[in-house]
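In each ligand, atom 1 is the first atom listed, and ligand 1 is the first ligand listed.
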Amino acid sequence: MDQILNFLSGGFLHLTWWQVALVTLVITHITIIGVTVFLHRSQAHRGLDLHPAVMHFFRFWLWLTTGMVTKEWVAIHRKHHAKVEREGDPHSPVVFGLGKVFFRGAELYRLEANNPETLKRFGHGTPDDWMERNVYTKHSLLGVLIMLGIDLALFGVLGLTVWAVQMAWIPFWAAGVVNGVGHAFGYRNFASPDTSTNVSPWGIIIGGEELHNNHHAYGTSAKFSTNGTNSTWAGLILKC
Ligand SMILES: [Zn+2]
Ligand SMILES: [Zn+2]
């Protein structure tokens, strides 16, 4: 009985709360790098090519930590650039209002992911191998369930909180902050024909995605910073 209670309270690792917080920050940041470097810069915009092993690591990691399907993410994002701020933009604050994009961005994402036309027209060139068809796409929710088991095993009941933070991280930062705030508040370096803004000059929290106005101005550039004014972990990987 004691052993069970002991395991429930701290899992295999028995970390203190601040160590768990630190680990959570590291693993969510790896997810952010997966989204910005793999899904966004490499897959959606073809701004850079990744080594096949790196690419597969990110596919596996994003399956575990987000349940997002590469083809869906890429198609929705390309459609956002193609239709920006007009009818058909899947998550424009101009079309839907900032409140809806900020608080219900993940819902808008799910809605668009179920639109076969979007996937057909904008989802080309994404992975289509055995793993994609039979595991990552077919069982897109299995990864996050496995992650829940891993979190509980490593951290005990606190693992539930770690998992909840992981699950909320991308819907909050990407669907809410970048797609919402990144088209509403901040400053502009470029007069791109949309309302995109740079939310903050330091791309440290969300791997450079803060610089959303720079990105809309130069969509296919792998580098989001200009004149070296920002630093990002993703940027360090890309040597920019
Ligand atoms: Zn945008
Ligand atoms: Zn983009």
From the list Lys71, Glu132, Glu72, side-chain hydrogen bond (donor to acceptor under 3.5 Å, both in side chains) partner of Thr137 resolves to Glu132
Phe57 meets the side-chain contact (heavy atoms from CB on, under 4.5 Å) criterion, sequence neighbours left out, with Ile30, Trp61
Within the 2.8 Å cut-off the protein N, O or S neighbours of the Zn ion (ligand 2) are His40 NE2, His45 NE2, His77 NE2, His81 NE2, His215 NE2
**Report entry** Verdict with supporting geometry, Ile206 and Thr36, side chain to side chain contact (heavy atoms under 4.5 Å, CB included)
**Finding:** CA-CA 8 Å; Ile206 38 179; Thr36 186; over 6 Å; no
Sorted by chain and residue number, the side-chain contact (heavy atoms from CB on, under 4.5 Å) partners of Leu8 (sequence neighbours excluded) come out as Ile4
Residue set satisfying side-chain contact (heavy atoms from CB on, under 4.5 Å) with Leu108, at least two apart, ordered chain then number -> His91, Phe96, Lys100, Val101
ask   = Within 45 degrees of the axis of the six-membered ring of Phe224 and under 6.0 Å from its centre: does Arg41 put its NZ or CZ there?
value = yes
